[in-house]
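Reading through the structure tokens given below for one structure.
If you read the sequence from its start, that first residue is 1, and numbering goes on from there.
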Amino acid sequence: MVAVDHCRVAARGLELSCRRAGAGPSIIWAHGLTSSMDDEDRLPLIDHNRVASIADVVRYDAVGHGQSADPVDAGIEADGGQQVPQRAS
């Protein structure tokens with residue numbers, strides 16, 4: 001098992017949750033459109049630990065996914081100064 005560092009990075013005023021493991025050439029690993037890192041851990045299509053045995057794998061949850069900040073909850077305005085629409089309850 002490869003050691004995993006958990007981290008948080010700021011992007012456009014929001015925090016992204018990320019995980020980094022391995023050494024070597026860097027690979028940025030983005031999850032699928034409707035998933036998250038945790039979803040991919042539960043239902044892996046590719047073994048990221050195996051990839052981390054030969055590369056520096058940086059995984060992250062996109063804004064609004066998994067453990068990353070949600071722009072609606074943060075009240076962040078979209079480009080052009082328009083408020084991001086609230087979700088229906």
Heavy-atom closest contact ([X] atom, [Y] atom, distance):
X	Y	result
D47	W29	C-CH2, 4.5 Å
A3	A21	O-CB, 3.4 Å
D56	G24	CB-O, 3.6 Å
Y60	L16	CD1-CD1, 4.5 Å
R50	S53	O-OG, 2.5 Å
V51	V57	CG1-CG2, 3.7 Å

Atom [atom1] of [X] and atom [atom2] of [Y]: how far apart are they, to the nearest 0.5 Å?
X	Y	atom1	atom2	value
R20	I28	CZ	CD1	7.5 Å
R59	S36	CZ	OG	9.0 Å
D38	H65	CG	NE2	13.0 Å
E40	H31	CD	NE2	7.5 Å

- Judged by atom type as modelled, is there a donor-acceptor pair below 3.5 Å linking the side chain of S17 to the main-chain atoms of D61? no
- Query: In the single-linkage hydrophobic clustering (I, L, V, M, F, W, Y; side-chain heavy atoms under 4.5 Å), do V9 and L14 co-cluster?
  - Reply: yes
Would a 4.5 Å heavy-atom cut-off, applied to side chains only, mark [X] and [Y] as touching?
X	Y	result
M37	H48	no
D41	R19	yes
V63	S68	no

- Message: Are there over 12 heavy-atom neighbours, none belonging to Q67, within less than 6.0 Å of that residue's CD?
- Response: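 No - once you tally the heavy atoms of other residues, nucleotides and ligands closer than 6.0 Å, there are 12 at most.
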